[in-house]
Asker: 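Structure incoming, see below.
First listed ligand is number 1; within each ligand, the first listed atom is number 1. Sequence positions, counted from 1, serve as the residue numbers for this chain. A quick note: this is a predicted structure, and the numbers were derived from the prediction, not measured.
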Amino acid sequence: MIFSRNDIAIDLGTVNTIVRNQDEILFNEPTCIALDSRNRERIICLGSKAKQMIGRTPLEIEVINPLLNGAISDFETTKLFMHALIESAKTSSLSPRVGISIPQNLTQVERHSLHEATMFAGAKEVFLIEDPFSASVGAGIDISKAKARMVIDAGGGLVEVSIISLGGLVVSTFTKEAGDFIDYAIVDYCKYNKNIGISKEMAESIKRKINLFGESEIINVGAKNLINGMPIHFELNLNELKSVLISGLYKIKDSVLLAIDKSSPDMAADLIEEGAILTGGMALIDGTREFLEEELNMKITLSNDPLLDISKGASLIMQDYESYSLEWGGGID
Ligand SMILES: Nc1ncnc2c1ncn2[C@@H]1O[C@H](COP(=O)(O)OP(=O)(O)OP(=O)(O)O)[C@@H](O)[C@H]1O
């Protein structure tokens, strides 16, 4: 198969979606869609514009994130979202072939739903590629070698830990306690310890400022006083939130330990030498890589482009689909 200029690869993430053709990124925005609630077929906007509306919409607008922990939580909205993505990415009147990178834990029913939603959205053909393959290829790993390589993909809805060797997925584990989980834990921390109400979006922007090994830093946050219901500006010491972040990172550590436990002694030995590659948006929280390296006593290398590895890998796989699918039959539907 020749991946033509018209064809696209999609990283349909819980938090962020990226669409690429062979050469360029066509869409890189939050996985959000705003609909007219009186006519849910009518799209008002997508991505960043829709995300900015969260918490501020009048009754007639509904903002939806159609994914939860990597899986489709709202099938009808996913169809609309995919349709809008495909329309905006089209460079000709021809329907594109679409490669979508998906979490390894999607059930057959969920895979079928996504396939159907994408065909309905206007694709000519749909290829589902499992995240561990996209992430590894995108991070530049030569996975055809007879050497085990570990990839920790820490995203918004899912942390996927995979061990790949000789072009196949040998071991995989995952936890749903990923970036979104930490955002909600920050919301709860402010609620129960400070009597302050903040949105999930505010919690996410606070999370991005945490530096696990950095000096204490005080930030000013606009929120709601939960005692008297009034708006309030309050000071939050980011140091207080380190324990919230660390509890999430321990879940990643547990997934890595489980993956190592499931691997053979030879693969475990390879990992001592090669360590693991850390990718996905959570890898960008300062101190995450160092924390995991210290806790696991294993070399952890930060990928060059944690937010883009999956879409880049999916695009590269689409461009050489035959060789990859022959090699990795199991990972590509
Ligand atoms: N610069 C950054 N600093 C800190 N955290 C970040 C940064 N950029 C993104 N994140 C966090 O990374 C997570 C999103 O990562 P990513 O885009 O890899 O996930 P996703 O592909 O949307 O989700 P998933 O793969 O789990 O379905 C979010 O929790 C977000 O807050």
Asker: Heavy atom to atom 14 (C) of ligand 1, shortest distance: which of P103, G70, G156 holds it?
Answerer: G156

Asker: Could you check whether the rings of F120 and H83 sit parallel, tilted or perpendicular, using 30° and 60° as the cut-offs?
Answerer: tilted

Asker: For M282, counting its heavy atoms only, list the atoms of ligand 1 lying under 4.0 Å from any of them.
Answerer: 12 (O)

Asker: Between E204 and K209, does any side-chain N to carboxylate O distance fall below 4.0 Å?
Answerer: no

Asker: Looking only at protein heavy atoms, which one is nearest to atom 2 (C) of ligand 1, and what is the separation?
Answerer: L284 CB, 3.6 Å

Asker: Would you say ligand 1 has an N or O under 3.5 Å from any N or O of K207?
Answerer: yes

Asker: Give the atom numbers and elements of ligand 1 that come within less than 4.0 Å of a heavy atom of G280.
Answerer: 18 (O)

Asker: Considering only non-hydrogen protein atoms, determine which one is nearest to atom 9 (C) of ligand 1 and report residue, atom name and distance to 0.1 Å.
Answerer: R208 NH2, 3.4 Å

Asker: What is the nearest protein non-hydrogen atom to atom 25 (O) of ligand 1, stated with its residue, atom name and distance?
Answerer: G155 CA, 4.3 Å

Asker: Below 4.0 angstrom, N of the basic side chain to O of the carboxylate: do E62 and R40 qualify?
Answerer: yes

Asker: Which residue in the set L284, D286, I285 passes side chain to side chain contact (heavy atoms under 4.5 Å, CB included) when paired with T288?
Answerer: I285

Asker: Any ion pair linking D180 and K200 (charged N to carboxylate O, less than 4.0 Å)?
Answerer: yes

Asker: Would you mind checking if E273 and K147 are paired as a salt bridge, meaning a charged N to carboxylate O distance below 4.0 Å?
Answerer: yes

Asker: Using a strict cut-off of 4.0 Å, indicate which atoms of ligand 1 neighbour a heavy atom of G157.
Answerer: 23 (O), 24 (P), 26 (O)

Asker: Would you say L158 has any N or O atom under 3.5 Å from an N or O of ligand 1, going by distance alone?
Answerer: yes

Asker: Can you find an N or O of D153 that's nearer than 3.5 Å to an N or O of ligand 1?
Answerer: no

Asker: Would you name the heavy atoms of A178 and G156 that are closest together and state the gap between them?
Answerer: CB-O, 3.5 Å

Asker: Do V15 and ligand 1 have an N or O pair less than 3.5 Å apart?
Answerer: yes

Asker: Shared ILVMFWY cluster between I33 and V19, side chains joined below 4.5 angstrom?
Answerer: yes

Asker: Is there at least one pair of N or O atoms, one from T14 and one from ligand 1, spaced under 3.5 Å apart?
Answerer: yes

Asker: Under 4.0 Å from any heavy atom of G179, which atoms of ligand 1 are there?
Answerer: 29 (O)

Asker: Do the charged groups of R289 and E293 touch, with an N to O distance under 4.0 Å?
Answerer: yes

Asker: So, E274 and R149, do they make that salt bridge, N to O below 4.0 Å?
Answerer: yes

Asker: Could you measure the distance from the CD atom of E160 to the OG1 atom of T175? Nearest 0.5 Å is fine.
Answerer: 11.0 Å

Asker: So which protein heavy atom does atom 21 (O) of ligand 1 come closest to, and at what separation?
Answerer: G13 CA, 3.5 Å

Asker: Do any nitrogen or oxygen atoms of L307 lie less than 3.5 angstrom from nitrogen or oxygen atoms of ligand 1?
Answerer: no

Asker: Short list, please: which atoms of ligand 1 are under 4.0 Å from a heavy atom of I285?
Answerer: 4 (C), 5 (N)

Asker: Any nitrogen or oxygen of G281 lying under 3.5 Å from a nitrogen or oxygen in ligand 1? Just yes or no.
Answerer: yes

Asker: Nearest to atom 30 (C) of ligand 1, what protein heavy atom do you find, and at what distance?
Answerer: E204 OE2, 3.2 Å

